[in-house]
Structure formats: structure tokens, C-alpha cells
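Keep in mind the model is a prediction, meaning the values are calculated, not measured.
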Amino acid sequence: MITKIKKIEGLGIFQDYQPDPKLAEFKTYNLFYGWNGSGKSTLGKLFRHMETHQPIEHNEKLTYKAIISGNQVDERSSISEPIRVFNSAFIKEHTDFEKSTTSSILYIGKEQVDLKNKIKESQEIYERDKAHVSETIIEEKKLEKKLEEFFITTGAELRDLHGTTVYSRATITKNTAKDLWEEVQKSGRTLDEIILSQDILANKIKFIEQGEEKHAQALITLKINDENLFQVQKHVQDLLQENPVHKAVARLAANPDIQAWVQQGLLLHNQHGSNKCEFCNNEISGIRKSELTEHFNDAFQVLQKNIHAAIQELEQMRIVIPQYQIQAFYEEFKIQINGGLALLEEDVQRINLHFDALIDRLKIKQKNPLETGFPAAFITLDLLPSWVQHFNSVVTEHNDAVKNFITKAAEYRKSIDLHVVAHNAKVSNLSALLNEYSNALGTIKVMTPLLKEAEAVIEALKIKLADDTTLIVEINNDLHKFLGRQEITLVKNPTGGYTLERHSKKATNLSEGEKSAISLVYFINKLKEKETKIQDLIVVFDDPMSSFDSNHLFAASSYIMNNCKVAKQLFILTHNFWFYKLIRDWCHKEFRKETEIYCLKKGKIVKADSTLIDHHSEYHFIFSRLLEWSVLEEVPLSDHFSLANHSRRLLESFNAFKTPSQSGFASILKLAQIKSIPKDVTDKLYYFLHKYSHLDRIEGHEHIVENIQGEGKQIALDTLSIINAIDPDHYASMITLCSGKAQ
């Protein structure tokens, strides 16, 4: 049990609370009465903090000390005693009314409310993210189209630019522009560094355009072997003068044609093993074969082979000039090559004719190896090497120009292409466009699987919400008993929560009292769950009648008393005097010795006086409060607004039985004037009470606090003097009952 609260700091109106040492300890049944602003809800928050151990909103600096089960605990302690608190926080946490145009759905129980709120929150986030992804997809498509248009346009521009140059046949598409843009990005240079000036751009384009007409393939250079020319000629002359026969047949030597015919015949006869002449069929004598064999000896065969090899070598030494065309050369080389080419051809022809003459003589020698009467003429190349060298140098220069043009033109083309892409990219702000596109793709890639996960989570939460097993039958039975009629019924909703029906029809509007009744019934049913015993619980009710009308006073009080009288300890805090009176009378009748009654006054817990304990109306309590204020030297600043409310309530209650035909307190003030109360007093009191009682705002321009503080004591005195003037006997009786003295 909670027996005492020793200290409260930093909690709303309880900024520095320490109880009077004489204040009685809490008992089994504890009743607290206090008007709005006295600290009831704040004290309820403290009990709620003890129950949940969760921080109190806006009260991070809360400190307290209490005695529970004989042990001192504070804000850091884990409370061993199970506490259950019914207050606005419980209602908010455990019940949620979702109103629609067709019905009201109640989510009851913390798990249901949390699930419902989680589903709602998750659904809102999902819909927001889904809409964001949808918008991003649309934007991504727009950006993709813009990028596609950029590369198509840039590719077409490049194609048009090179349409009349050497690169006119090159395939240029949007992909070409994309590849070039990748090169721009990888180059490490800024767009401004890549973009060419107009002069440089024009010169590079002109170079490519001028080079196109003159562009040619590389030409072959002329090759001659002048180093071996003398040796070859000397070898040929030696062959022509060589005589390979020692004993020659005179007739054959004199007749080369016969010699060649006989040589071939001898070879055939030897191959066929014939001893007869194949021409005359006469026997060939051994002497004749010997003569012929001697005539055609080994030296003769070697000479034949050498002559054949020399002929081949001379033929290979013939100079062949490639079939050049002057048009194949660049203009600057045509003049150099034009005149020299004819002279070169004449010299080459002279050399080749000499080679032809040598070949002819070798062929004669080949037919008649014994012939040795050939002139020993030699020929030189004269100017040929210099002509060849000149020709080849011109060809080399031409080939270098061809190579350099291709390289330079390719280099210029690349710089022009990069310029076009970079220039268009800068004008179109392509980098920003690509960044937006990349971000959009990244968002879609990340968010798409997350949306699927969110869908699965929401579906799982909905299934869990629909599977709730709250004992709605017990709640409906208690609700009907509480309201005294079967007007409101909770019906399980297939998708979760409970549909509210009024007279078997879907209810669209519930009063605050009906909502509070459902919350209270649920709270008490929670106290009776199987896993808990109410006999083990400390139960706290913080203003359970705050939303009930007078018709529910008896139902609420009896419902709480009948269900919670077996609780281990009971705390009831209320501002409703009639509800307080019902609970007080029940406690006094059933458990007087186990009951303690307290009054809350501006953040102070005090023992209730006789006006709250023994009397049967709120009137006695209000009268005693005004008596207390009237005898003070100065009314505390914290009590001034309460003083205005108390004065008004007292005069209204007094008016109810003195002038029942008139409502409010204005008629009492008029009656007071008749009873000799000055008009300036009644006017001041009327203005003061009308102005400051139930004040729902703070006004700074009239120094309200200073006005009230200066007049508070006099207001209490004036209020009591009016009652005394109108009904002295009643006033004297109230003074006696309240044990006070009028000033």
C-alpha cells in the first residue's frame, strides 16, 4: 500500500510539496476533493508515473518520495506494488473512437489502440512514400526523355557537322554522343576547359575540310640493288668466256643447234638404255658414245646450271617502277615528282635493256657452251640511285603527310566532338539533369522494395488487429448496467475494432459521457482479467465523472464501489461534489475506519475539514473557504482566481433558495442594495466576479493580478457581508457550523 507522499517537486502545481507532519497516512479507501486547478490531475499523473515508470510529459525534472509497503521509493525506483490508474492518459492510451459518416468504430485496449495507431501511421507513411515513388517514376520518365532528346539532338548535330568531311561515312548516333559525354566526365576537365573558342573551332573544322580532298593512301617506295651490280656483271662475263670442254666434237662445237639436239638425244638414250640410234636405228659404237660423253662432261653441266642461275638473278635485278599517278600525291609533292619521274623511267629503261642484253647472251651461251666470243661490256647506274633516292624521299614525305593528316584530323575531330557535347551540356545544364535522373533512379531502387515490405507489415498488423480477443460480452453487459439501458452495444468489426450500435443501428455520434462510460467499463474489466486479482491492486480514479452528466452519478459511483471495494487500496480524486458525497457516504457506511478524506488546495494535500466530512452540500465547504480568506492579512496570490470562483458559486447557491425565481447572482446583489449594502460595493463585486470568475485567458494590459491581489480580502468580506445583510440568522448558523468568525 501507499501510505504517504513525502515530497513532490517539479510536477505542475506541485513544485515544492511537503505534507504537514500531522497529515494522516493513506488508508485503504482514500477520497480527494478539489476544484479544477487544485492539483487533482497532476496528482493522478504522479500515480500514473508510479504505474508505468514512464516519464511525465513536460516534467523531466520530476522528483518525489513516497512510502510504499514500508519502503521509501522515488522517481528512480521500481514499484513492486501493482498500480492501476484511470485518468485521461489511460483513456487516450486504451480507447480510440474513429468517427465516420456512416458509423463510429471503437478501438479498445492498449494493444488495439497501438495497433490501430500503428496501422494508421504506417498507412500514412506508406501512402506518402507510394505517392512519392509514383511522382518520382513520372519525373524519372520525363528526365529520361529529356536526356534521350539531348543525346539524339547532339548526335544529329555531330552527324551534320561531319557530313562534308572525311568522316562523313562514320556512323554517328545518340550512342556516340553518350560515349563522348562519358569521355568528358572521365577527362577530369571542366566543361569550360573542353569548350573551344570560335576561332580555334573554325580552324580545326577548316583543316579537316581542306584535307579531305587531298587525303590519299600511303605510297610504296622504289627499291634497287646497286651494291651487287658490278659483281653480277663480272660473273656474267666470266660465264660467257668459260670453256668447259677439253676434247670437243668439232662438228658439235661448230653447230650449237646440233650440239643441243645431240645433248638431249644422249640423255634420252642413256635414260632408256638404248645402244641404237633412235633416229636411224643403226648401232651406236662405243667410240662414238665415249666421244659424246667426253664432250658433255661435268663442267659442262655445272656451266649450264650457273648460266640458268645468272639469268634468274638478272631478271630479279630488273627495276620495276610502281604505276604511280601524279594525282595520288598531295599538291606540294606533285611538282617535285612530276619532272623527275620521266627521267627516272628513262634511266630505269636503260638499265633494264642492259640486263636484257646480258640475259640474251647467257641464253646463247646456254645453247652453245663452247661459244666464248662475247664482248666484256659493263654498265653503271650513273644517276639512277640519286633519282631513286629523290623519288623515295618525296614518297616518304607524302606518306608522312598522309599519316599526320589522319592522326591530326582524328585529334581535331575528337576535340571538336567533345566541344559540341560539352557546349550542349553546359547550355542544357546536363550535369544537373543527370544528377536529378540518378537521384530519381536511386529513390525508385531503394523505395520500391521498402514499399513492398511496408505493405506486408501493414497487412500483418491488420490481421493481428482483426484477431483481437477482447471479452466484449462482459464489456457490453457492464455497459448496459452502467447506462441503465441497452442503448449502446459494441459489435466486433471484421477488420478490427468494434462498431458502435444504438438500438441495433450503427451509431454515428456518441456523447462524451457515453465514451467515458465505455472507457470506465473497460478499465474495470481490465482489473478483473484472469492473470490479475483486484485484491492485489492499488486502484486510482482521477475524476471519473469529468464527462458524465448528473444522470450517471449513481451509476458511476455504484459501479466503481461494487467492483473496486475489494481492491488492496483505492484512491478517488474528484471535483464533482455530489459524486464525492456518494463515495464519501458509501465509505463511511461500509469502511469508516479504513477511509481517509483529503482536500486539494492549490498543490497542497490537506485533511478535509468538517464541511466536507459531515455536511451534505458543497455550500458549507465554499462558505468555510471564504471565511478562511476573510481573516487573512492578505490572500495568497495563488488563491485569487479561486476566490473569485468561490464567491460567485456561494452567491449563486445562496440565491437559489433566497430568490429561486431569479438565476445567477445579480438578483442577490439587487436585494443587497435593498438591505442597505452600498451600490458602489455591489457594483464592484458584480464587476469583479463577472470579470474574473471562470477566466479562460490571461490579460496583461490591466495588471489583473495586481488588481485581484489588492482587492481579494475585501471581496471575501463583501460577499459574506451581503449574506449577513440579507439573512442574519442563516449567516450566524453558517458561522457556527464552520467554526469561524466574521470580520
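The side-chain heavy atoms of Thr574 and Ile583, taken from C-beta on, include no pair separated by under 4.5 Å. Val491 has its side chain out of reach of Leu500: every pair of non-hydrogen atoms, C-beta onward, lies at least 4.5 Å apart. In this structure, the side chains of Arg84 and Leu527 come closer than 4.5 Å at one or more pairs of heavy atoms. Ser647 has its side chain within reach of Leu626: a pair of non-hydrogen atoms, C-beta onward, lies under 4.5 Å apart. Taking the side chain as every heavy atom from C-beta outward, Glu628 and Lys601 approach each other to under 4.5 Å. Asn477 is not listed as a side-chain neighbour of Glu474, based on a closest heavy-atom distance of 4.5 Å or more.
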Requested in this report: Report the C-alpha separation of Asp718 and Gln714 in whole Å, then their side-chain angles, then the decisive distance to 0.1 Å, and conclude whether the side chain to side chain contact (heavy atoms under 4.5 Å, CB included) test is met.
Outcome: CA-CA 6 Å; Asp718 290 343; Gln714 191 59 47; 2.8 Å; yes

Query raised in the report: Hey, mind stepping through Arg48 and Glu93 against salt bridge (Lys or Arg N to Asp or Glu O under 4.0 Å) and telling me if it holds?
Result: CA-CA 12 Å; Arg48 179 76 171 166; Glu93 188 176 285; 3.1 Å; yes

Requested in this report: Decide side chain to side chain contact (heavy atoms under 4.5 Å, CB included) for Phe86 and Tyr522; before the verdict, give the C-alpha distance in whole Å, the side-chain angles of both, and the deciding distance to 0.1 Å.
Outcome: CA-CA 10 Å; Phe86 178 81; Tyr522 172 72; over 6 Å; no

Report task. Could you give me the CA-CA distance, side-chain angles and deciding distance for Tyr598 and Tyr33, then say whether ring-ring contact (aromatic ring centres under 6.0 Å, His included) is met? Result -> CA-CA 6 Å; Tyr598 303 90; Tyr33 176 75; over 10 Å; no

Requested in this report: Check step by step if side chain to side chain contact (heavy atoms under 4.5 Å, CB included) holds for Ile735 and Phe623.
Outcome: CA-CA 9 Å; Ile735 292 294; Phe623 194 95; 4.0 Å; yes

Report task. Start with the C-alpha gap between Asp74 and Ser77, add the side-chain angles, then the distance that decides, and say whether side-chain hydrogen bond (donor to acceptor under 3.5 Å, both in side chains) holds. Result -> CA-CA 5 Å; Asp74 57 27; Ser77 302; 3.1 Å; yes

Report task. Evaluate the criterion side chain to side chain contact (heavy atoms under 4.5 Å, CB included) for residue pair Leu46 and Ile5; output intermediate values, then yes/no. Result -> CA-CA 10 Å; Leu46 178 62; Ile5 296 176; 4.0 Å; yes

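A side-chain donor-acceptor contact under 3.5 Å links Ser630 to the backbone of Leu627. Of the possible polar contacts, one joining the Thr719 side chain to the Ile715 backbone as a donor-acceptor pair under 3.5 Å is found. Without hydrogens or angle criteria, Lys65 side chain to Ile8 main chain gives no donor-acceptor distance under 3.5 Å. The main-chain N or O of Asn71 is never found under 3.5 Å from a side-chain atom of Ser69 such that the two would form a donor-acceptor pair. In this structure, the side chain of Asn724 does not engage the main chain of Leu720 through any donor-acceptor pair within 3.5 Å. One N or O on the side chain of Lys40 and one on the backbone of Gly34 form a donor-acceptor pair closer than 3.5 Å.
Taking each heavy atom of Leu573 and Gly44 in turn, the nearest pair found is CD2-N, 4.4 Å. Contact detail for Lys713 and Leu632: the closest heavy-atom pair is NZ-O, 2.5 Å. In plain terms, the two heavy atoms of Ala716 and Leu643 that are nearest each other are CB-CD1, 4.3 Å. The two residues Asp542 and Ser41 make their nearest non-hydrogen contact at OD2-CA, 3.4 Å. Across every non-hydrogen atom of Leu11 and Thr42, the tightest pair is O-CG2, 3.3 Å. Of all non-hydrogen atoms in Glu25 and Glu596, the two that sit nearest each other are O-CG, 4.1 Å.
One finds no salt bridge joining Asp585 and Lys589 here, because no Lys/Arg side-chain nitrogen approaches an Asp/Glu carboxylate oxygen to under 4.0 Å. Ionic pairing of Glu51 and Lys45 is not present here: no N-O contact between side-chain nitrogen and carboxylate oxygen is shorter than 4.0 angstrom. Under 4.0 Å is where a charged nitrogen must lie from a carboxylate oxygen, and between Asp114 and Lys118 no such pair does. Remark: Glu652 does not engage Arg649 in a salt bridge, criterion side-chain N to carboxylate O under 4.0 Å.
Under the 6.0 Å cut-off for aromatic ring centres, Phe571 and Phe26 qualify, their centroids lying closer than that. The aromatic ring centres of Tyr17 and Tyr64 sit 6.0 Å or more apart. Within the 6.0 Å centre-distance limit, the rings of Phe654 and His730 are counted as a close aromatic pair.
Atom CG of Leu31 sits about 10.0 Å away from atom CD1 of Ile613, to the nearest 0.5 Å. A distance of 9.5 Å separates OG1 in Thr63 from CZ in Arg76, rounded to the nearest 0.5 Å. Within the model, atoms CG of Asn655 and CG of Leu650 stand 11.0 Å from one another, a figure rounded to the nearest 0.5 Å. Residue Ser519 holds its OG atom at 10.0 Å from NE2 of His94, rounded to the nearest 0.5 Å. Separating the CD1 atom in Ile572 from the CG atom in Asn30 is a distance of 9.5 Å, to the nearest 0.5 Å. In this structure, the separation between NE2 on His588 and CZ on Arg584 is 7.0 Å, given to the nearest 0.5 Å.
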Would you tabulate the side-chain donor-acceptor contacts of residues 561-570 under 3.5 Å, counting partners in other chains and residues two or more places apart, or write 'none'?
unit_1: Asn562; atom_1: ND2; unit_2: Ser558; atom_2: O; d: 3.0
unit_1: Asn563; atom_1: OD1; unit_2: Lys528; atom_2: NZ; d: 3.2
unit_1: Asn563; atom_1: ND2; unit_2: Tyr559; atom_2: O; d: 2.8
unit_1: Lys568; atom_1: NZ; unit_2: Glu81; atom_2: OE1; d: 2.9
unit_1: Lys568; atom_1: NZ; unit_2: Glu81; atom_2: OE2; d: 3.1
unit_1: Gln569; atom_1: OE1; unit_2: Ile2; atom_2: N; d: 2.7
unit_1: Gln569; atom_1: NE2; unit_2: Ile2; atom_2: O; d: 2.7
unit_1: Gln569; atom_1: NE2; unit_2: Lys27; atom_2: O; d: 3.0

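Tested against Phe541, the residues Phe523, Tyr580, Phe47, Phe579 include a single ring pair (Phe, Tyr, Trp, His ring centres under 6.0 Å) partner, Phe523. Checking Asp680, Ile677, Leu651, Ile668 one by one against Leu685, the side-chain contact (heavy atoms from CB on, under 4.5 Å) holds for a single residue, Leu651.
The side chain to side chain donor-acceptor pair (under 3.5 Å) check on Thr52 picks up nothing, with sequence neighbours excluded.
Side-chain atoms of Asn87 and Asp543 form no donor-acceptor pair, as typed in the model, at a separation below 3.5 Å. A donor and an acceptor atom, one from each side chain of Gln673 and Thr682, are located under 3.5 Å apart. No side-chain N or O of Asn476 forms a donor-acceptor pair with one of Thr489 less than 3.5 Å apart. No side-chain N or O of Gln18 forms a donor-acceptor pair with one of Lys6 less than 3.5 Å apart.
A cation-pi contact links Arg625 to Trp629, judged by a cut-off of 6.0 Å to the six-membered ring centre and 45° from its axis.
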